[in-house]
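Accompanying notes for the structure given below.
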2 protein chains.
Amino acid sequence: MRASDRAYAALRDEIIEWKLPPGTVLAEVEQSERLGVSRTPLREALARLGADGLTAAHAGRGVVVTDISLDHLAELFELREALEGKAAALAAERGESAVFAALRAEFEDASRLLTDTDPGRHAYYDLVSRLDAAVDDAAANAYLVQALKNLRVHLVRVRRLSLDDPARLLAAATEHATIAAAIAERNPALAVAATTVHLHQSLRHLQATQREEKAL
Amino acid sequence: MRASDRAYAALRDEIIEWKLPPGTVLAEVEQSERLGVSRTPLREALARLGADGLTAAHAGRGVVVTDISLDHLAELFELREALEGKAAALAAERGESAVFAALRAEFEDASRLLTDTDPGRHAYYDLVSRLDAAVDDAAANAYLVQALKNLRVHLVRVRRLSLDDPARLLAAATEHATIAAAIAERNPALAVAATTVHLHQSLRHLQATQREEKAL
DNA sequence: GGCAAGGGCTTTGTATACAGAAACCTCCAC
DNA sequence: GTGGAGGTTTCTGTATACAAAGCCCTTGCC
């Protein structure tokens with residue numbers, strides 16, 4: 001693996017996991033020494049982070065980790081609604097019914113996963129990403145998938161803001177089942193609606209959690 | 001201006017204007033000598049082009065200019081529909097009515113511009129970008145605007161595929177006027193519908209033109 | 001005491017030299 | 001004649017040295 005890839009992956013993970021919180025300045029020499037690579041590949045890594053929107057080049061002062069606040073959260077979910085709604089609609093038009101019917105069944109069984117502890121939650125997250133991947137695959141649109149990929153980096157970042165509570169995950173599982181069912185039924189309008197509902201609920205929950213944490 | 005910025009802008013323009021057609025290999029030394037910059041800033045430029053999706057790093061053989069065919073056109077417009085539809089809806093919710101009412105009037109007067117020759121067409125294109133900018137501004141969503149910006153690079157590239165014929169531009173002006181009117185009326189659903197119609201017609205026209213050129 | 005200008009210092013931006021890897025061509029064997 | 005293996009060549013990937021630009025601190029003047 002290339003040194004620039006390693007540096008990019010390391011910095012990206014650290015930003016996503018809030019080990020490098022917003023506002024952190026990433027000086028080139030400092031980071032290159034820390035990560036054990038030269039400045040050249042590190043610069044390439046920083047450029048990619050900037051393209052992802054995770055950092056911004058504050059001219060002269062080095063690149064800084066971008067902020068992500070409550071306001072950004074709403075904006076992020078507006079974009080997410082546009083992209084995931086379209087992806088769900090396209091998947092409903094083009095996808096294999098059997099694939100999504102199977103995923104629907106898994107989500108309806110998810111209550112079993114979520115009564116357990118950590119490994120169960122991990123299995124649930126895995127199920128969610130399998131649905132995402134299935135939608136991406138069925139949508140069959142490279143540009144849309146790329147845009148979603150860019151978006152998801154930021155979504156993972158905000159997810160780490162608050163621990164998911166089991167009650168919300170259970171509700172989300174039902175919403176995901178509805179989305180999968182709509183796609184399996186080849187009903188694009190329903191798929192869009194189900195996606196909109198799910199994202200609305202997710203955003204509400206996140207914002208409520210955020211306000212709680214702020215109050216502490 | 002930085003050398004890497006110059007290299008990026010130069011290569012990007014050349015790709016967009018089809019001076020570097022799809023499949024062209026961009027060797028680092030060759031391009032750095034041609035553009036009069038060192039390999040380091042050139043590599044940064046190539047990385048940015050890759051992030052834009054204009055080039056793909058064919059491992060070992062250097063980066064090549066990505067292909068853009070009729071199939072890609074449909075995919076591109078699917079993404080465009082999702083993003084511009086959402087942007088129009090948000091603009092209808094949040095925008096200043098007066099701004100879009102004025103733009104509507106300009107589009108309704110556009111027949112005057114389009115009866116003239118080249119300078120008139122240039123003025124029309126300028127009007128279109130002013131509408132885009134107004135929508136971006138009114139949507140007030142940095143993530144959405146960024147996604148649109150990424151998309152537009154590819155759109156400019158396909159526009160160069162075929163010369164716009166005056167009849168289509170005239171029809172497009174009417175469609176744009178309808179979009180602006182919907183936003184001015186603060187009617188998000190109508191704005192989405194008008195955008196969908198416009199994009200559908202544009203795609204149909206482009207595909208028809210493409211088939212003609214293929215037949216020649 | 002406050003403001004501005006200048007110098008030092010840290011920072012990024014660029015160039016070049018070197019190392020490693022992959023592709024292609026050639027030559028040999030079958 | 002064809003296939004494979006080895007060598008050569010050219011490419012990308014990385015490191016480091018140098019240049020330039022911006023910021024901060026200090027100092028002098030008002």
Side-chain angles (χ1 to χ4, degrees), chain A residues 1-16 19-68 146 149-150 153, chain B residues 1-16 19-67 142 146 149-150 153:
Chain A
M1 192 189 241
R2 300 185 302 179
S4 62
D5 290 339
R6 279 189 289 119
Y8 169 73
L11 288 171
R12 181 173 139 278
D13 288 351
E14 286 177 339
I15 292 172
I16 284 174
K19 287 172 187 166
L20 295 172
T24 307
V25 292
L26 303 175
E28 293 182 2
V29 286
E30 173 196 350
Q31 294 301 318
S32 67
E33 284 172 6
R34 186 173 71 89
L35 298 173
V37 299
S38 160
R39 273 185 64 214
T40 307
L42 185 101
R43 278 178 65 86
E44 195 169 317
L46 290 177
R48 288 172 67 183
L49 291 172
D52 290 342
L54 292 175
T55 62
H58 242 72
R61 206 176 296 167
V63 306
V64 300
V65 179
T66 51
D67 187 35
I68 194 150
Q146 183 58 45
K149 205 171 148 194
N150 290 342
V153 176
Chain B
M1 192 189 241
R2 301 184 301 177
S4 61
D5 289 339
R6 279 188 288 117
Y8 170 73
L11 287 172
R12 182 173 138 280
D13 288 351
E14 287 177 339
I15 292 172
I16 285 175
K19 286 172 189 167
L20 294 172
T24 307
V25 292
L26 303 176
E28 293 182 2
V29 285
E30 173 196 348
Q31 295 300 317
S32 66
E33 284 172 6
R34 187 174 70 88
L35 297 173
V37 299
S38 160
R39 274 185 62 214
T40 307
L42 184 101
R43 278 177 67 84
E44 195 170 315
L46 289 178
R48 288 172 67 183
L49 291 172
D52 290 341
L54 292 175
T55 62
H58 242 72
R61 206 175 300 168
V63 307
V64 299
V65 179
T66 51
D67 187 35
Q146 182 58 45
K149 206 171 148 195
N150 291 342
V153 176

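What you see below is based on every heavy atom in this structure, not just the backbone, and it leaves out hydrogens, waters and symmetry mates. Throughout, a chain's letter reflects where its sequence line sits, starting with A, and its residues are numbered from 1.
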In 5'-to-3' order, the base (B), backbone-only (S) or no-contact (-) status of each nucleotide in nucleotides 18-24 of chain D, using a 4.0 angstrom heavy-atom cut-off, is -------
Nearest-Å distance for atom pair CD/P, residues E44(B) and dG13(D) = 15 Å
Between dT14(D), dC11(D), dG13(C), which nucleotide has the shortest distance from any of its atoms to the side chain of P41(A)?
-> dT14(D)
Using atom CZ of R43(A) as one end and atom P of dT16(D) as the other, report the distance to the nearest whole Å.
-> 16 Å
Mind calculating the distance between CD (Q31(B)) and C1' (dC11(D)) to the nearest angstrom?
-> 14 Å
Verdict with reasoning, V63(B) to L49(B), per side-chain contact (heavy atoms from CB on, under 4.5 Å) | CA-CA 10 Å; V63(B) 307; L49(B) 291 172; over 6 Å; no
Under 4.0 Å between a side-chain N or O of S4(A) and OP1 or OP2 of dT14(D)?
-> yes
Would you kindly give the CD-to-C1' distance between E28(A) and dG13(C), to the nearest whole Å?
-> 8 Å
Option among E28(B), E44(B), Q31(B) that satisfies the side-chain hydrogen bond (donor to acceptor under 3.5 Å, both in side chains) test with R39(B) | E28(B)
Give one of base, sugar-phosphate or nothing for A27(A), where a contact means two heavy atoms less than 4.0 Å apart.
-> sugar-phosphate
How long is the gap from CG on L42(B) to OH on Y8(B), to the nearest 0.5 Å?
-> 13.5 Å
Map V29(B) and T40(B) onto DNA chain D by nearest heavy atom, then report which one ends up closer to the 5' terminus.
-> V29(B)
side-chain contact (heavy atoms from CB on, under 4.5 Å) assessment of Q146(B) paired with N150(B) | CA-CA 6 Å; Q146(B) 182 58 45; N150(B) 291 342; 3.3 Å; yes
Whole angstrom is fine here: how far is it from CG in L35(A) over to C1' in dA15(D)?
-> 16 Å
CG/L54(A) to CD/E14(A) distance, rounded to the nearest 0.5 angstrom?
-> 12.5 Å
In whole Å, what is the span from the CD atom of E33(A) to the C1' atom of dA15(D)?
-> 13 Å
To the nearest Å, give me how far apart CG (L46(B)) and C1' (dC11(D)) are.
-> 13 Å
L11(A) and its side-chain contact (heavy atoms from CB on, under 4.5 Å) partner, picked from R6(A), K19(A), R34(A), R48(A) | R34(A)
Can you name the residues that form a side chain to side chain donor-acceptor pair (under 3.5 Å) with R2(A), not counting sequence neighbours?
-> D5(A)
Give the rounded distance in Å between these two atoms: CZ of R2(B) and P of dT11(C).
-> 18 Å
